[in-house]
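Take a look at the structure below.
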2 protein chains.
Amino acid sequence: MKKSEASRITIKDIARELNLSTATISRVLSNHPAISESTKKLVNDKVKEMGFALDPIASSFRSKKTKSIGVICPRIDIDFHSKVISGIEDFAYKQGYQITIFQSQDSYKKEKEIVQMLETSLAAGIIICPALETHRFEHLKKIVKSNIPLVLYDRSTDSLKASKVIINDFEASFNATEHLIQQGCKTLAHISGNKNVDIFNSRIAGFKEALAQHQLPIHEELIKEAKNLTYEEGKVQAEALLKEHIIPDGIVCANDYTAVAALKAFRNKGYTIPDQVAIVGFSNYPISSILEPQISTIEDSAYEMGRVAAKILIQQIEDKDMQALDYQEVVIKTELIIRGSSFRNK
Amino acid sequence: MKKSEASRITIKDIARELNLSTATISRVLSNHPAISESTKKLVNDKVKEMGFALDPIASSFRSKKTKSIGVICPRIDIDFHSKVISGIEDFAYKQGYQITIFQSQDSYKKEKEIVQMLETSLAAGIIICPALETHRFEHLKKIVKSNIPLVLYDRSTDSLKASKVIINDFEASFNATEHLIQQGCKTLAHISGNKNVDIFNSRIAGFKEALAQHQLPIHEELIKEAKNLTYEEGKVQAEALLKEHIIPDGIVCANDYTAVAALKAFRNKGYTIPDQVAIVGFSNYPISSILEPQISTIEDSAYEMGRVAAKILIQQIEDKDMQALDYQEVVIKTELIIRGSSFRNK
DNA sequence: TTGTATGCGTTATCAT
DNA sequence: ATGATAACGCATACAA
């Protein structure tokens, strides 16, 4: 069975029907100011009547502009990133932009590949959370040089002059730590993510600073690394903590999976939560409000981060010609959510 | 500071440099068979030397073909969909396709809007999980008629001749139910999703069939609906079950959130899990293996579903000219994972 | 095996 | 306010 290949209606068809030039039709369609109301209506009606729609490819081809935003994240199926992307899509769609998604798998090589492709494909702009492996930023500098708007989210770097949407990891971690101190914790442990990544370093720094400000000792051996922040890694590190010569009475974790793991590991050894050991996580995963006790955590507003990233990017895209703005940094507000895993009824 | 707008290298430039025609360059770049090895090498070297890359927009414009797959899902930030999309992206990327993502928010209107746009934008193909609100499929039939490859995933419908990737919801639910029966349950309840959606109807049917086959009574009043399958809705429905005149000794839930909710609701009332009430969920969310007891569940292989959807779609895209295949249906294997919430040590 | 020439649908320049 | 026309970069039918 041969399927029919309906030949496309073009601007020419509309022009012919109305005895107007294609230029006029094009002008109406792009809201050109110098068009009389009467022909505007004429054209719009005919467009509707014939069910015409501009060919976006031809349009992009001619104008060298697209409505396509490239989004690069480590993996889509991580709660945090899927929320960010959801925020990006919502905002972008409303502005008439489409988002094309790529997963770097945290590989520097793949990230470079994708970025290069995006550069030649006329992406209107790029939103990226750099791969864990990415420590050199030449590929992104090239994007900036090519005058393609670029926004980094979550993981950022000082070595790149580009817009950034981040949270204040230092502050969030500081607040979480201080909260435990206020609950009476004296010996604090930290389960960190990959220590080679800026944001986890900032969280470590925030953790230490809170201890310092409250004249509490910093036990380096109580700062553990769970590279991918999985539940299993969290369990391993929590059990490692249980074997230390000092047992913590409070644990700040870099995400909620490790927090849950720590909670269970300590409870299994007979410690009561939060009275003997208080725990706070990070990111407000669904699980943290379902477990008992519920896990105190940091709401990192991933959806909002995505929305803002899209907003900044589109601003840059649309202001590109006037070069009004160069780049900007936005810090998304985080919020400490205090729940049963850390709140001690005194 | 004015940024430089490097003018693009085109195949003309390559042609001029090598005293060849643009046609030859184009042929080399698209692996045309009738090209001598020597010029092939010549061109490829020069391409590399000059850092040239085809302009995909111009290429698409001319050939009327794109490498862009439109993906429409209800929301990206739902675990299941983000996994499916991850699978789609992985496969598509390897085949040189990009995926452009849209969220229908389960709105029929928005879905139509997106589909229409995709139709005029020369999407190479479309992968869609129809919105909950979608009960008419004219917009998708139009896609099929326009000869744009289409694959539905997860939620399917018989009223559309298009490729589908689904799980056997009936069978999965049947197996989960039968498992509870084998554990000794006699009075079974079901917490369903939106009863207007095919897949949840199939799960209800599978549930009932298992009861029927084992000569157990079907208590309609023990079949509850949690429209969006949230934890909160699950809690409400579980509490409703607790108020029935018959208390179930086994509950089959349409996802893991509602399973957790049921588990907690019944445990709070003093029922022991799994001995007094056995529970099984659906979808194998991360939470289900972290709670205690761990939740028995159905692994629905979302990532694999995405991979297969992409595979089928790309097959159709690339075989389009020969029309070798029309459409196909793939049923992804599910697996019952038996854990503490339902396994009774006899 | 390679070259010539044309046109895809739109936008933008220049003219009227 | 509108029209005529060129041009964007490439793929392809036809020619050689």
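Small disclaimer: the values here were computed from a predicted structure and weren't measured. Throughout, protein chains are lettered first and strands after them, A, B, ... in sequence-line order, and every chain is numbered starting at 1.
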Could you check whether [X] makes a cation-pi contact with [Y], meaning its NZ or CZ is under 6.0 Å from the centre of the six-membered ring and within 45° of the ring axis?
{"X": "Lys83(A)", "Y": "Tyr303(A)", "result": "no"}
{"X": "Lys110(A)", "Y": "Phe102(A)", "result": "no"}
{"X": "Lys142(A)", "Y": "Phe137(A)", "result": "no"}

For [X], answer base if it contacts any base atom (sugar-phosphate contacts may also be present), sugar-phosphate if it contacts only those atoms, and nothing otherwise; contact means non-hydrogen atoms under 4.0 Å.
{"X": "Ser60(A)", "value": "nothing"}
{"X": "Leu20(A)", "value": "sugar-phosphate"}
{"X": "Asp13(B)", "value": "nothing"}
{"X": "Ile57(B)", "value": "nothing"}

Check: Around atom CD of Gln105(B), are there more than 12 heavy atoms of other residues, nucleotides or ligands at under 6.0 Å?
Finding: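 Yes, CD of Gln105(B) has more than 12 neighbouring heavy atoms, counting only those of other groups under 6.0 Å.
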
Whole angstrom is fine here: how far is it from [atom1] in [X] over to [atom2] in [N]?
{"X": "Glu37(A)", "N": "dT2(D)", "atom1": "CD", "atom2": "C1'", "result": "15 Å"}
{"X": "Lys40(A)", "N": "dT2(D)", "atom1": "NZ", "atom2": "P", "result": "10 Å"}
{"X": "His32(A)", "N": "dA1(D)", "atom1": "NE2", "atom2": "C1'", "result": "9 Å"}

Next item on the list: Indicate the ring-plane relationship of His139(B) and Tyr108(B), choosing parallel, tilted or perpendicular according to the 30° and 60° boundaries.
Entry: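 Answer is perpendicular, since the angle exceeds 60°.
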
Item checked: DNA chain C: 5'-most and 3'-most nucleotides touching chain B, 4.0 angstrom heavy-atom criterion ->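 Answer, 5' to 3': dT1(C) to dG9(C).
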
Next item on the list: Please round to the nearest 0.5 Å and tell me the distance separating atom CG of Leu20(B) and atom CG of Leu42(B).
Entry: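 Here the rounded value is 6.5 Å.
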
Checklist line | Heavy-atom protein contacts under 4.0 Å, nucleotides 9-16 of chain D, coded B base, S sugar-phosphate only, - none | finding: BBBBBB--

Note to self: Looking at Thr22(B), is its backbone amide N or carbonyl O close enough to the side chain of Arg27(B) to form a donor-acceptor pair, meaning the two atoms are under 3.5 Å apart?
What the structure shows: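 No; zero donor-acceptor contacts below 3.5 Å.
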
Next item on the list: Walk me through it: do Asp13(B) and Arg16(B) pass the test salt bridge (Lys or Arg N to Asp or Glu O under 4.0 Å)?
Entry: CA-CA 5 Å; Asp13(B) 300 320; Arg16(B) 190 173 348 94; 2.8 Å; yes

